[in-house]
2 protein chains.
Amino acid sequence: MKTRGARPIGMSLWETTHVVHREFERMLAAHGLNRATWFILLTLDEAVHPTQRDVARAVGISDATLTHHVRNLEDGGLVHRTRDPDDRRVQCIELTDEGRAAFARIHDDAMAFDRRMRAVLGPETTAALLGALDTLTTEFTRPGDSTPIPRA
Amino acid sequence: MKTRGARPIGMSLWETTHVVHREFERMLAAHGLNRATWFILLTLDEAVHPTQRDVARAVGISDATLTHHVRNLEDGGLVHRTRDPDDRRVQCIELTDEGRAAFARIHDDAMAFDRRMRAVLGPETTAALLGALDTLTTEFTRPGDSTPIPRA
DNA sequence: TATTGTTATACTCTATAACTATA
DNA sequence: TATAGTTATAGAGTATAACAATA
């Protein structure tokens, strides 16, 4: 058939995302994290006393999957959980001191990563890229799918 | 800590890619395929008598993983394999008639998908987006990592 | 010995369903 | 009854290592 036309946008989008993402994951792995656990720590940093369910929603994974990752974080000593005294069904997740230190280190690396991207693109292209991505996200997001931080 | 600055580019890139990709996978799933098998069919359409190893390289997966997917395609009747008479170690993969028909249908849908993206962006923004993606891919591709069509 | 591909096996991420404990 | 979270289990996609067949 030899179907050849312009390269599909989706192909470029996929390729770039995964080339970039691979580098980002290498950085996270050097700190003992992966994408899901990093998103969890980000959510914990930004939310005020979230329940696990809140965190799962924010990260875009199921409760069961969150339990799995939180257990890993807890085993690694980055996080610790206590039952909420006001509602003992609720687990309160908090960063440990070690977790806060790790978060700060990774956050620095993540910011450096972002600066590298912005530097290579330049301010105008960066703005154009972000605008285009936003347009596509709006176009392809389904009303039902509320995934603030998208899943894999 | 409440670390808040501009939204990282990587986050937008990740989110958009996966919102778009989710829709694309829905389309593929309606035809009984997934991303890996679609990339395999694309490679078969474009390459001339590739070995399985060639296809694995092009898709960016291991030989063992390719075997796994090719078996699924074969079970689905889209592909069939014969040993190369000139070198009986080599499997020649070919689309069946049914495979060619399925490929044509999916290809039509994929082109429609691409038109939808280009339409919502407009020609200038499309060009700007592709340029930015290309810049990022170049910046973050490691010399060793040759992944023409990227893996998950 | 080197290469092509397969098999056996296992790991990670994910989900659903059934469950516990609380409310 | 309803909710928060856990456990048990499974499936998809991936990989590595050992292997068979062929060169």
Side-chain angles (χ1 to χ4, degrees), chain A residues 14 18 21-22 25-26 28-29 32-40 43-44 47 49-76 79-94 145 147 149-152, chain B residues 14 18 21-22 25-26 28-29 32-40 43-44 47 49-76 79-94 145 147 149-152:
Chain A
W14 178 262
H18 288 278
H21 187 247
R22 187 162 52 215
E25 286 246 305
R26 269 193 242 265
L28 290 178
L33 292 193
N34 55 28
R35 177 179 36 80
T37 46
W38 169 240
F39 280 167
I40 291 168
T43 303
L44 292 178
H49 290 315
T51 67
Q52 284 198 189
R53 193 147 291 184
D54 293 335
V55 176
R57 296 282 179 288
V59 175
I61 58 183
S62 70
D63 297 337
T65 302
L66 185 77
T67 295
H68 167 75
H69 289 301
V70 170
R71 184 161 40 229
N72 288 343
L73 285 170
E74 200 166 33
D75 291 349
V79 128
H80 105 289
R81 285 182 291 179
T82 50
R83 288 284 170 182
D84 182 342
D86 295 344
D87 181 347
R88 294 189 43 72
R89 292 172 302 181
V90 170
Q91 290 271 33
C92 299
I93 317 177
E94 280 179 318
D145 294 348
T147 308
I149 300 179
R151 89 197 79 180
Chain B
W14 179 262
H18 288 279
H21 187 248
R22 187 161 52 216
E25 286 246 306
R26 270 193 242 265
L28 290 178
L33 291 194
N34 55 29
R35 177 179 37 79
T37 44
W38 170 239
F39 281 167
I40 291 168
T43 304
L44 292 178
H49 290 316
T51 67
Q52 285 199 188
R53 190 145 295 183
D54 293 335
V55 176
R57 295 283 177 287
V59 175
I61 57 182
S62 71
D63 298 336
T65 301
L66 184 78
T67 294
H68 168 74
H69 289 302
V70 170
R71 184 162 39 229
N72 289 343
L73 285 171
E74 199 166 34
D75 290 350
V79 128
H80 104 290
R81 286 182 291 180
T82 49
R83 290 282 171 183
D84 182 342
D86 294 345
D87 179 348
R88 294 191 43 73
R89 292 172 303 180
V90 170
Q91 290 271 32
C92 299
I93 317 177
E94 279 178 318
D145 293 346
T147 308
I149 300 178
R151 90 196 82 184

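Lettering follows sequence order; numbering is per chain, from 1. Please read these numbers as outputs of a predicted model, since none were measured by experiment.
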*Given D:dA23, D:dT14, D:dA15, which nucleotide is nearest the side-chain atoms of B:Arg88?*
D:dA23
*Hey, what bend do you get for the helix from C:dT1-D:dA23 to C:dA23-D:dT1 if you fit axes on five pairs at each end, rounded to 10°?*
30°
*asked:* Ring-plane angle category for A:His21 and A:His18, please: parallel below 30°, perpendicular beyond 60°, tilted otherwise.
replied: perpendicular
*Please answer whether the main-chain N or O of B:Arg35 pairs with a side-chain N or O of B:Glu25 as donor and acceptor at a distance below 3.5 Å.*
yes
_Within the 4.0 Å limit for protein heavy atoms, which parts of nucleotides 5-11 of chain C are touched? Write it as a string from 5' to 3', B for base, S for sugar-phosphate only, - for none._
BBB----
*Can a side chain N or O of B:Thr65 be found less than 4.0 Å away from OP1 or OP2 on D:dT14?*
no
*asked:* Between C1' on C:dT16 and CD1 on A:Ile61, what's the gap in Å once rounded to a whole number?
replied: 15 Å
_side-chain contact (heavy atoms from CB on, under 4.5 Å) evaluation trace for A:Asp63 with A:His68_ = CA-CA 9 Å; A:Asp63 297 337; A:His68 167 75; over 6 Å; no
*Rounded to the nearest Å, what distance is computed from the CG atom of residue B:Leu33 to the C1' atom of nucleotide D:dG13?*
15 Å
*C:dT12 P sits how many Å from A:Leu28 CG, rounded?*
16 Å
*Say you draw a straight line from CG of A:Asp87 to OG1 of A:Thr51; how long is it, rounded to the nearest 0.5 Å?*
10.0 Å
*Could you state the CG-P distance from A:Asn72 to C:dC13, rounded to the nearest angstrom?*
8 Å
_Set of residues satisfying salt bridge (charged side-chain N to carboxylate O under 4.0 Å, His left out) with respect to B:Arg83, sequence neighbours excluded_ = none
_Please report the distance, rounded to the nearest Å, between CZ in A:Arg57 and P in D:dT3._
11 Å
*Under 4.0 Å between a side-chain N or O of B:His69 and OP1 or OP2 of D:dA12?*
no
*Within this structure, what is the CG-to-C1' distance between A:Asp87 and D:dT3, rounded to whole angstrom?*
8 Å
*At what distance, to the nearest 0.5 angstrom, does CZ of B:Arg88 lie from OG1 of B:Thr82?*
9.5 Å
*asked:* Taking salt bridge (charged side-chain N to carboxylate O under 4.0 Å, His left out) as the cut-off, I'd like each qualifying pair that reaches into residues 67-76 of chain A, sequence neighbours left out, listed once.
replied: A:Glu74-A:Arg81
Please tabulate, one pair per line, each protein N/O and nucleotide N/O from nucleotides 18-20 of chain C that are separated by under 3.5 Å, including the distance.
none

*Spacing of A:His69 atom NE2 and A:Trp38 atom CH2 [to the nearest 0.5 Å]*: 15.5 Å
_With rounding to the nearest 0.5 angstrom, report the CD to CZ distance, A:Gln91 to A:Arg53._
12.0 Å
*Could you tell me the separation between the CZ atom of B:Phe39 and the CG atom of B:Leu44, rounded to the nearest 0.5 Å?*
13.5 Å
*Are B:Asn34 and D:dA12 close enough that a side-chain N or O sits under 4.0 Å from OP1 or OP2?*
no
*In whole angstrom, what separates B:Arg35's CZ from D:dT14's C1'?*
11 Å
*asked:* Just to verify, what does A:Asp84 make a salt bridge (charged side-chain N to carboxylate O under 4.0 Å, His left out) with, not counting sequence neighbours?
replied: none
